[in-house]
Amino acid sequence: MTESPDSRSLVSASSQLNLMEIEAIDDKEFDIPQVDTPPTLESILNEPEDEDEPFILEDTCLLNTENIDAHSCETSSLSVYVHLRRRKAVETNATVHGSVLRRNVLKGISAQIVSAADKVDAGLPTAVTVSNVIAVGTSHGLALVFDQNQALRLCLGTTATGAEYGAVSALSINHDCTRLLCGFAKGQITMWDLANGKLLRTITDAHPPGTAILHVKFTDHPALAVCNDSGGSVFELSFRRVMGMRTCESRCLFSGSKGEVCCVEPLHAGPELKDHPITHYSLLAMASLTKILLIGLKPSLKVWMTFPYGKTDPASVPLLAWQFVAVQKTINPVLAFCRGDTIHFLLVKKDESGIIHVIKQRQLLLNCDLISLSWINPRTLVLMDSTEKLRVVDRPSQEELETVDMAELQLVYNSSHFKSLATGGNVSQALALVGEKTCYQSVCSYAGQIMYLGTKSVHIMTLRNWRERVDYLLKQEKFMEALSLAWSLHEGTAKAVLGLFADPAKRKGVVADKMVEILLQYVDRSLKKCPEQGKIQVMEQHFQDMVPVMVDYCLLLQRTDLLFNQIYPRLVENSVARGVFLESLEPYILSERIGCLTAAVMRDLLSYFQENGMMDSVEGCLVHMDITNLDIQQVVQMCWDNQLYDAMIYVFNSGMNDYITNAKMHIISFSHLSPSTDEHVVMGNKLLVYISCCLAGRAYPLGDIPEDLVPQVKNQVFEFLIRLHSVEAAQEEEVYPYIRTLLHFDTREFLNVLALTFEDFKNDKQALEYQQRIVDILLKIMVDNSDFTPSQVGCLFTFLARQLAKPDNTLFVNRKLFDQVLEFLCSPDDDSRHTERQQVLLELLQVGGVVQFDEERLLELAEKAEFYQICEFMYDKKHLYNKIVDCYLKDPLRKEELFNYIHNILSMPGYSSEEKQLVWVKALQHIKDLVSINSAKTAELVAVHFADEVQSIITSLQDDYLAFQFLKCLLNPSFREGLNPQTVLRLGPDLHELLVDLLCQFSPQQVTAFLKTSQDYRLEEAIQITEKHKLHEATAYLLEKKGNVQGAFEVLLQTLKGKLHKLALEGSEADKPDGEEEETGDEVQSLLRRVEEALHDIIALCQRSSHGLNQQQREALWFPLLEAMMSPQKLLKGADTKHTSDALKELTMKVLNSMSSFIAPPAIIQRILQDPVYGKGKLAELQGLILGMLETFNYEQTLLETTTNLLNSDLHWSLSHLRKAVSRGLHPRQYHCNICLQQYKRRQESEEEIIIFSCGHLYHCQCLQRKEVGVLSERQYSWSCYKCTSNQGSRPADRPSAESSRSRSTSLAQVSQTVTFHNQNKSSCLATLDAQQTQAWDHFRTLYRGPSRLSVLTELTHSHGNERAGLSNPVHPGTGSIYHSENFQLKLSPPPLVEE
């Protein structure tokens, strides 16, 4: 019989742990503090089943990244490149696992199960277990035993016994595969001898009758097993043989009455771990509906730990699975358990002192409801969810590797046994609900294999070995995924690996050979699958998807020989593939992952780039490659023709060690380019950088010159630069052409290159000679040549000054040359480039060049040339700071900086008192100039440093406008607030009055504002000033401030009369020409606005003053105003003046409305009727005026009535709520006193007072009195709740009654109720408003925060004074209702006037 996947040995996979992998396992995950002392079995059996029971262990590693396995983090990619021309990079860190599980159907066993059901009425399969044999239980009580070749060895039991016992509900084989335990749906247990099929025991009394066997499990102890029934109880079965009699003793480990156990799992150890210290305890894990229990059966029964699930779905299935795992170079058991979607792990280990520790590990959270949990190896779990999908999960990384749909299996469920249907269904609803999805007996794992039992078939799952996983992807032509998986195997980051060497070197060697094989297949496939017809873009895209993958993996494997000697020759056959391959090399060359190409590939690469115009790519690649195997002459010619200067320099330098020829060629080419073009700038910058690199010992464009060549290269470059003439020089060529060309291109940068080079010339004698020679040449070229600008010449001498200022300087420069440069820069006849020449000279002086000049001569020339910064530099050096002030004043660009300079000199330390005094005097002399420049900054400077000289400064200004500008800033209140608090500025009133006078002259509109903000002037003098300048508004303000209200009124009244007179004259003029009508209308409108403004001011004055006047004085104010408004109306007659007349009547009504608050209406009407305009008119003319006043009265009356109603309604609402609060009934929490703990009615015939608080606590009055919780006040007791106040930490009797009345320990208000029980009557209740209720009233009133409907009116009273809208301010607590305000005032204003 040939061996096939479904007939091969079922135990071919070794069950032993791979001890070679122990070294590679990270032990940080398991380094967790030990647990507390485990509870006893009795304490667990007696504790309540609480779903919210907290976990007894503190998980210290859930969020600690240090405790996570190293394998949980993927290694980062070795290369992720951005390919420029639509090339794709290979993502080597992409997670590809391929097919991890191999799924086989055991066809032989499956066929015989179906056949047994048909031929011998065996029934459907119900349970399976695996060891060296496979046992399958059926629904008719049979157990079919198959060997490793799927041949039926035994058929245990009969259908007759099946009818008596029911279906096989559980199976178990012992560790040496000699005994089989069968549990049945009606509660019986049988033991069979697997050697001969003999029935050894029938156990019927091991557990309570009427319950099905859910689990029966052998332990590693040969005479010990455990069983779990549908009552939720767990029993220990001890097998003995005494004098030929086989017996079984049962002991209850867990009673179902304390919580139903639905899953048990003993710890099994293989033969290689039989001496493990943990195995001697015969560990047993039990899963109830609420918690996990871990107990030891040997040497005596002991509970090691409990672990609650917490909140879970009641329909979820509890699952358990043991596995030995290598941790910290030792092997210890780990229990995986879950209920729902979270898997927890517990590590059990024994330390050196012999103490057992149970340590919680990092949990695994999934997004599915699990019904099966199995280990397939120490690092991999195989899970099944409620949708019958297998999920392969790597435990250290918590990564899901594969998902397999098992729906076609038609998995067998054990629901009928959990519902105990065979015995009448006498189980709890909770257990029946869990049983809906249980499949404990349909899944069995053994030796790295997991078996699944279906209704008609048996499936077995094993891990594929690494080569099989790769080949599986290749068969599907998934080359990218196969290469990615192979690379993860190569690097050791793959998961669930089987059959690979643990030694990294061996592993990499084997996997690399496989990857080479895959790559060659991938090349052949890419050529075969290339579309032969169609657009060229399609072919390009095809190879662009494939070729970079080949290149990337060859480089990852460091196999360039494979890439260039095997892969490239195959791709050359296709021209498109050849082009894509050559293009794909560029990013690897630029990143220096490819440093050397074969000669053939290099030639093809250069020719391809040249043919396709990709010369930039050629240059980029050349400077990163070894060019020793190239035709240098051909490359140089190509570079020169295509202006690849960097590449040409690299070829000359690296290929021929020639550092001069290319520089000579570049300068010659550069000198023929037109200046200011882009090519000219680019080439010039390249030349400067190249020369700088050569002189610094660095290679261009990257790398370093070999150390032995550095001195030689420097000498060659210097000799080249200082050549008198070029080799093929024409007669008209100027001397030193190379240096001259570079100086003309960029003088400053070329000199910077030389300066950097001179830094290295410390003790080299020859180099110092070169240095002096170059300096002499520079002077000869630039000083006597008019081609160079002042800036370029200045750069040269700045460079020289820096070199001469060095302490170890050896250069010699004639001082006459510096004088010559000075004359050149300070030439007064040359106005061009004034700023540039000054900056050049300043820079020259700052770097030390001042020592090269005669200072007096320098100052003289600088003043003539108006180089004020040069003068400042020299004066600062001589500490003549007062002269620097003149420099700032003369320099138009820096005048504003003078103020900060003076302030710094006068306030900062470091200057002598004589120097400060000179600057102080100089500033005072030029104070007029300072005010002209910036009056605000001058005022600030004077306030800080010249506070005592203000009067003399005003005198010295001699200009009223300058004095006005200065004083306006100095006396501005906001300016004075911004000064330093330590600054004391004492100014007399005469200065303020002077400013008022100046304001009247230059800014009359600001006078009143200044008078209101300032308080430092004298009233009489200010009044005289404003009267002199006829500023009536300001005069009126001052008179009112003085207290002369009548005088202020007269001034404003005269102003108003004057404006009214002009308005009357303007409005009465008629018969204007058409051209002037529009102009006259605008003038009338302007006059009306002025009249309205003047009227507003005088009304405001009258309203402010009327509060403190008697009736007669008020009439003396308001009636002249009314007269003034009515008198101009006599002059306005005719239709043309109707608009003006109506406007004046409207203003008159405004006056009447304003005065109605202060003058009695009869007096107003009498005065109106005496007026000629109104008195002699008809009643219709008075109608509008009278109706307006009546409307105002009606409005105020309505408003008053509405306000009264609101007050009454609000008060009634508040009082009704308070009454409800203090008189509501109270319901006690308990019916006993909270002090004596006796019933509130201890004796039927006794009369006792009880007190109930609003918190619900009830007391006898006598008990409270004994506890001294009552406070006597006003001959009544004020009670406090004893229990609530005791919880606050102090006794109520120790507090004042006011405090206890506001306590919130019980409720909003502490209300007491007195109830007296009589013997004659059943009960009577008396409710009185006692002192406690009075306190509740006060308490509720203080807490009342209801929004009153009068809160708006309240806010209006608060906001009236500061003229802010009340609605914009939130109502403060305690002022939400009208009765919280003691001084409520309501200002009434008339409604808008409506003209008919």
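Here the side chains of Tyr553 and Val549 are in contact, with some heavy-atom distance below 4.5 Å. When side chains are defined from C-beta on, Met614 counts as touching Glu583, because their heavy atoms get closer than 4.5 Å. Contact annotation: the side chain of Leu562 approaches that of Leu520 to within less than 4.5 Å [non-hydrogen atoms, C-beta and beyond]. Annotation: side chain of Cys554 is in contact with side chain of Leu519 (closest heavy-atom distance under 4.5 Å). Inter-residue side-chain proximity for Val523 and Gln566 is flagged as unmet; no heavy-atom pair is nearer than 4.5 Å.
By the side chain to side chain donor-acceptor pair (under 3.5 Å) test, Arg559 pairs with Asp561, sequence neighbours left out. For Asp616, the side chain to side chain donor-acceptor pair (under 3.5 Å) criterion is met by no residue, not counting sequence neighbours.
Taking CE of Met602 as the reference point, atom CD1 of Ile589 lies at 6.5 Å (rounded to 0.5 Å). Asp503 contributes atom CG, which lies 10.5 Å from atom NZ of Lys508 (distance to the nearest 0.5 angstrom). Atom-to-atom distance recorded for Arg570:CZ and Asn565:CG is 12.0 Å, nearest 0.5 angstrom. Between the CD1 atom of Ile594 and the CG atom of Leu585 there is a distance of 5.0 Å, given to the nearest 0.5 Å. From Lys506, atom NZ reaches atom CZ of Phe501 across 6.0 Å, with rounding to the nearest 0.5 Å. Here the OG atom belonging to Ser591 is positioned 10.5 Å from the CD atom belonging to Glu586, to the nearest 0.5 angstrom.
Judged by distance alone, the side chain of Arg507 and the main-chain N or O of Leu489 form a donor-acceptor pair under 3.5 Å. A donor-acceptor contact shorter than 3.5 Å links the side chain of His542 to the backbone of Ser526. A donor-acceptor contact shorter than 3.5 Å is absent between the side chain of Asp552 and the backbone of Pro548. Side chain of Asn574 to main chain of Val576: a donor-acceptor pair is present (N/O by atom type, distance under 3.5 Å, no hydrogens or angles). Ser484 contributes no side-chain N or O that, together with a main-chain N or O of Met480, makes up a donor-acceptor pair within less than 3.5 Å.
For Leu571 against Val547, the heavy-atom pair with the smallest separation is CD1-CG2, 4.3 Å. Minimum heavy-atom separation, Asp604 to Leu582: O-CD1, 3.6 Å. In this structure, Ser488 and Val96 approach most closely via the heavy-atom pair OG-O, 4.4 Å.
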Could you go through the side-chain contact (heavy atoms from CB on, under 4.5 Å) check for Leu557 and His490 one step at a time?
CA-CA 9 Å; Leu557 293 171; His490 183 276; 4.0 Å; yes

Might you work through the side-chain contact (heavy atoms from CB on, under 4.5 Å) test for Ser584 and Phe543, ending with a clear yes or no?
CA-CA 10 Å; Ser584 66; Phe543 286 111; over 6 Å; no

Do Glu517 and Asp513 pass the side-chain contact (heavy atoms from CB on, under 4.5 Å) test, and can you show the C-alpha distance, the side-chain angles, and the key distance before you say yes or no?
CA-CA 6 Å; Glu517 177 186 334; Asp513 292 341; over 6 Å; no

For Met550 and Tyr522, run side-chain contact (heavy atoms from CB on, under 4.5 Å): C-alpha distance rounded to whole Å, both residues' side-chain angles, the deciding distance at 0.1 Å, then the answer.
CA-CA 8 Å; Met550 308 171 195; Tyr522 191 43; 3.8 Å; yes

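The ring of Phe581 has its center closer than 6.0 angstrom to the ring center of Tyr568.
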